[in-house]
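The first residue of the sequence shown is numbered 1, and numbering continues consecutively from there. Only a predicted model underlies this, so the values are computations on that prediction, with no experimental measurement involved.
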Amino acid sequence: QVQLVESGGGLVQAGGSLRLSCVASGRTFSSYAMGWFRQAPGKEREFVAAISRSGLTRDYADSVRGRFSISRDNDKNTVYLQMNRLKPEDTANYYCAADEAILPRSTERWYDCWGQGTQVTVSS
């Protein structure tokens, strides 16, 4: 199991950008597909983006496609979520998660390891 720590959240105005980072411990980072999920107040946690082990395959929720970009640097044991043109409805606690799969998956139940989350607040 890999330990995950997110960072990069904060308060940003609508239309702005943030870059989230998730650093994994250990030397097994490249053995996991990685995903980003988010949970807004009063709502269920939802899928945002995922990336394959190699970083060549990506998947996005319809709500963020074209605005968000997921990437990874296996040498740094880090996965990123670049968020552009942020909207107030993007406000949520963002979590990264690890999946013992080659290809990205969008279903929460497949992910075994989770970070503690980082808060993103988008003001109007």
Visitor: Please, which pairs that meet side chain to side chain donor-acceptor pair (under 3.5 Å) have at least one residue in residues 45-55, sequence neighbours excluded?
Guide: R38-E46, R45-E108, S52-S54
Visitor: Which heavy atom in G9 sits nearest to a heavy atom in V120, and how many Å separate them?
Guide: CA-CG2, 4.1 Å
Visitor: How close do P88 and A14 get, counting heavy atoms only, and between which atoms?
Guide: CD-CB, 4.1 Å
Visitor: Taking only residues two or more places apart in sequence, or in another chain, which ones meet V12 in a side-chain contact (heavy atoms from CB on, under 4.5 Å)?
Guide: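 With sequence neighbours excluded, V12 shows a side-chain contact (heavy atoms from CB on, under 4.5 Å) to L18, L86, V122, given in chain and number order.
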Visitor: Any chance you could pull the hydrophobic cluster mates of L56, using side-chain heavy atoms under 4.5 angstrom and chaining through other members?
Guide: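 Besides L56, the cluster holds no residue at all.
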Visitor: Quick one: which residue pairs count as a salt bridge (Lys or Arg N to Asp or Glu O under 4.0 Å) with a foot in residues 109-121, not counting sequence neighbours?
Guide: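 For residues 109-121: none.
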Visitor: Taking the hydrophobic residues Ile, Leu, Val, Met, Phe, Trp and Tyr, and joining any pair whose side-chain heavy atoms are under 4.5 Å apart, which ones share a cluster with Y95?
Guide: F37, F47, W110, Y111, W114
Visitor: If you link ILVMFWY side chains whenever their heavy atoms are less than 4.5 Å apart, which other residues fall into the same cluster as V23? By chain and number, please.
Guide: none
Visitor: Partners of L11 by side-chain contact (heavy atoms from CB on, under 4.5 Å), sequence neighbours excluded?
Guide: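 So L11 forms a side-chain contact (heavy atoms from CB on, under 4.5 Å) with T121, S123.
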Visitor: Are any of the side-chain heavy atoms of R105 and L103 separated by less than 4.5 Å?
Guide: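 Side chain of R105 against side chain of L103, heavy atoms only: no contact under 4.5 Å found.
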Visitor: Does F29 belong to the same Ile/Leu/Val/Met/Phe/Trp/Tyr cluster as L81, with side-chain heavy atoms less than 4.5 Å apart forming each link?
Guide: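 Linked, F29 and L81 end up in one cluster.
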Visitor: Could you list the residues that satisfy salt bridge (charged side-chain N to carboxylate O under 4.0 Å, His left out) with R19, not counting sequence neighbours?
Guide: none
Visitor: How long is the span from the CZ atom in R85 to the OG atom in S17, to the nearest 0.5 Å?
Guide: 8.5 Å
Visitor: Could you please spell out the steps behind the side-chain contact (heavy atoms from CB on, under 4.5 Å) verdict for L20 and E6?
Guide: CA-CA 7 Å; L20 306 183; E6 303 96 334; over 6 Å; no
Visitor: For R58, give me all partners under side-chain contact (heavy atoms from CB on, under 4.5 Å), at least two apart in sequence or on another chain.
Guide: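 In terms of side-chain contact (heavy atoms from CB on, under 4.5 Å), with neighbours along the sequence ignored, R58 is linked to I51, Y60, I70, S71.
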Visitor: Who pairs with D75 by salt bridge (charged side-chain N to carboxylate O under 4.0 Å, His left out), at least two apart in sequence or on another chain?
Guide: none
Visitor: Any disulfide (SG to SG under 2.5 Å) involving residues 39-104? Give me the pairs, sequence neighbours left out, ordered by first then second residue.
Guide: C22-C96
Visitor: Between atom CD of E100 and atom OH of Y32, what is the distance when rounded to the nearest 0.5 Å?
Guide: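 Those atoms lie 5.0 Å apart.
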Visitor: Between A40 and A92, which heavy-atom pair has the shortest distance, and what is it?
Guide: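 Smallest interatomic distance, heavy atoms only, reads N-CB, 3.8 Å.
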Visitor: Backbone N or O of T118 within a donor-acceptor pair of the N93 side chain at under 3.5 Å?
Guide: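 Yes; judged by distance alone, with no hydrogens or angles, the pair exists.
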Visitor: Under the side-chain contact (heavy atoms from CB on, under 4.5 Å) rule, collect the residues that match up with Q3, sequence neighbours excluded.
Guide: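 Per chain and number, Q3 pairs via side-chain contact (heavy atoms from CB on, under 4.5 Å) with S25.
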Visitor: Charged N to carboxylate O under 4.0 angstrom, D90 versus K87?
Guide: no
